[in-house]
Amino acid sequence: MITEIGNILLCVSAALSLCLFSFIFLKKVINIDNCFHFSKNISLIILISLLSSFLLLSYAFLTDNFSLRYVATNSNLTLENIYKFSAVWGAHEGSILLWVLVLAFWCFSIALFSKHIPKKIIVDMLAIMGILILFFLLFILLTSNPFDRIFPIPLNGNDLNPLLQDPGLIIHPPMLYFGYVGTSVPFAFAVAILINENIKSEWLSWLRKWVMASWMFLTIGISLGSWWAYHELGWGGWWFWDPVENASFMPWLAITALLHSIIVSEKRGIFISWTILLSILTFSLSLLGTFLVRSGILVSVHAFANDPERGLYILVFLTIVIGLSLLLYFVKSSKLITYSNYNISSKEFILLINNLFLTVTTFAILLGTLYPLISSTLDLGKISVGAPYFNFIFSALTLPIVFLMSPAIFSAWKKTNYNHLIKKLGLFFMFSLIITYFFLHFYVDVENFIVFLAIVIAIFTILSSLYKLSQTRILSANLISHIGIGVLIIGITISNYYSSQHEVIMKKGANIAIQEFQIAFNDVKNKVSKNYTSKVGIFDLYDNKDYLISFFPEKRIYNVQKNIMTEAAIHSTLTRDIYVALGEKVNDNSWVVRIYYKPFIQFLWLGAILMILGGFFGIFGNLNLFKKN
Amino acid sequence: MNFRLPTLSIVLFLGIIYFLYTGLDKDPTLIPSPLIGKTVPDFKSTDLISGEDITNKELLGKFYILNVWASWCYGCSLEHNHLMNIYKNNEIDIFGLNYKDEKNSAINWLKERGNPYKNVIVDVNGNIAIDYGVYGAPETFIINEDGVIIYKHVGPIDQSFYNKIILPLMKK
């Protein structure tokens, strides 16, 4: 029954999304109010129908219905209920279903919160969303149907990939998808604007909230993924420049650029054509990300589905959708009225540089990610580009952007008095130099120019943003996120340059010193759980001989797939993490143990939280402190 | 600006699509070896167990497997049983290249798990491995009577390796 109902729901949604698309033509013959009314209701029905199919699939998982191939390959009787639910999006078919569900959610939201926008723009946007939904539903129905049957019905399932059996991984994909798919809103907007050849600044301020929402979800998704990698993979790292990580990072950079260019277009009526192009590019990058993840054409730790047929479908889709919209842009962009006079000493000029750097960074990362493909196609040999390239590009291109944050905050639109600005910011910069100097001396001995520069710029940004905050007394999106970026950079820099690590063979009863701490390896015990057995290491942490805490890193072997998973044990304070991971067993008495000392890594998560908070204020309005009433 | 930007983006877009398309039917995990079809590089080292000198001259004229391994390498422990099975069949010699390893732990490793190797070439610094274009342990080369590398496998080998790869190559 589930197979039939599920397929019917998907087909009905597909038919309705085609209806939704047809209003792009029907609006010429039907009254626009009616068009809007119909479109809105249709998008609601699509949302309900897709949500039902999603819930149906969840029900199949929770009731261990192994007659569905997808459930049989990704669940197991012994799996905990929460993971049975998250297994719904644990593999290809279900996660594409989640993709399209989120798309339907954004589609209906556009219809719901569209008071200030002309109805013909909204109808066009919904039509574009409709065609996107249709494409993804056809993709599901033709190549990756989660409701397909399996025969004979297995008695038990093949279990969820153990890597995904982690609390962080329950919410990471949905958050990421909300962000990824959210880029379809500016895309639909851009196409609608090009079709109608008209744009107004209040529409842009409406669009900004959507972009902000998508940016916030992407930030949440990426930070959760990073946090998970740090806790789960047992390598002590949180970012690996893996193709799939880059696939989420490129849209993030593009949407960050978009967020800034929208502000300029909104306030000054310039860069409009660029904002439109950037909206299309952002969505292209998010489709490209989906393609990279789903086709398996690059080697990645996220080795999900390696299926060229599916890859081909997404590629064809990507080519059609993006190709057509670029063509539309090619034809129509000159018809949008745009003013292009601006002064070098103005906020818009700084934001232009910001956009330039962010775009170049995005393309540099794109080039690095696709390089293995390019070089093997051109017969240059099989070369992949590693972390040194990305780290270099990233720090060289990002630090100038961050440095420009403070002047951007304090400068004015149209024309800024530079003398005044330099005096004020010069003072902050001097302060930052002094703070950084003492800070680096107090915590670390090594003096490294890049580290010094990065910390100075980070502290400069934090100080000037805090000052602006104390002046305006408004917790605004930009100030909070900029402080977040500053905090993040401190975290990245210090933890990258001053971590220490030991990868050693330890005998039971042995001690090892790292920084001012000692770690004693007591024993390894067996633990049996519902769907895995594990070796649990017992370690004690001492701070100069004073006992602090015991550590229990685990090495799990999952019963069904026999995968080995590392669960690192971490003791965190604000300024440092001590991280212990259990490696291989050498003999009965000794084990390979990985111990990391990571200073300031908590600043990473703190910075991310501030950025997310900034996004939140950006969507729901800035919080005015000391409001009088 | 108004005409250049759209054109540039369309050209860039088509270029990317082309590379993505060509990537679709390639296996990204396949690592080609530039040394296939070439004679093995010269080396001079010692045997792990006996401590005697060993060079590539001693290996000439045989059809053999060269397996890069180390006691610290997890993948090597996974493939070790399969190597032992090949050794027990007694149809082809296996030589080991002990890659960036400590002598004692390497010897203990072989004592615990059995020694499938006719000789183990010591490569403490990984210099020989560089000449062979080794990415990491484990890696397995198949070399013919003329001392020419005819096959290379990256990562642990499995049960099918002997039947599906080695035997057909031996019969040629």
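Residue numbers start from 1 in every chain, and the chains themselves are labelled A, B, ... in the order their sequence lines are given, proteins ahead of strands.
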Segment of [X] engaging chain B (4.5 angstrom heavy-atom cut-off):
X         : result
Leu288(A) : side chain
Ile374(A) : both
Leu318(A) : both

Got more than 12 heavy atoms from elsewhere within 6.0 Å of [atom1], [X]?
X         : atom1 : answer
Glu102(B) : CD    : no
Lys103(B) : NZ    : no
Lys585(A) : NZ    : yes
Asn163(B) : CG    : yes
Lys164(B) : NZ    : no

Which atoms of Leu14(B) approach chain A - backbone, side chain, both or neither, heavy atom under 4.5 Å: neither

Heavy-atom proximity to chain A below 4.5 Å, by part of Tyr21(B): both

Nearest 0.5 angstrom please: [X] [atom1] to [Y] [atom2], how far?
X         : Y         : atom1 : atom2 : result
Leu12(B)  : Ser284(A) : CG    : OG    : 11.0 Å
Leu326(A) : Thr7(B)   : CG    : OG1   : 10.5 Å
Leu20(B)  : Leu373(A) : CG    : CG    : 6.5 Å
Phe13(B)  : Ser325(A) : CZ    : OG    : 7.5 Å
Ile16(B)  : Phe291(A) : CD1   : CZ    : 11.5 Å
Ile10(B)  : Tyr329(A) : CD1   : OH    : 10.0 Å

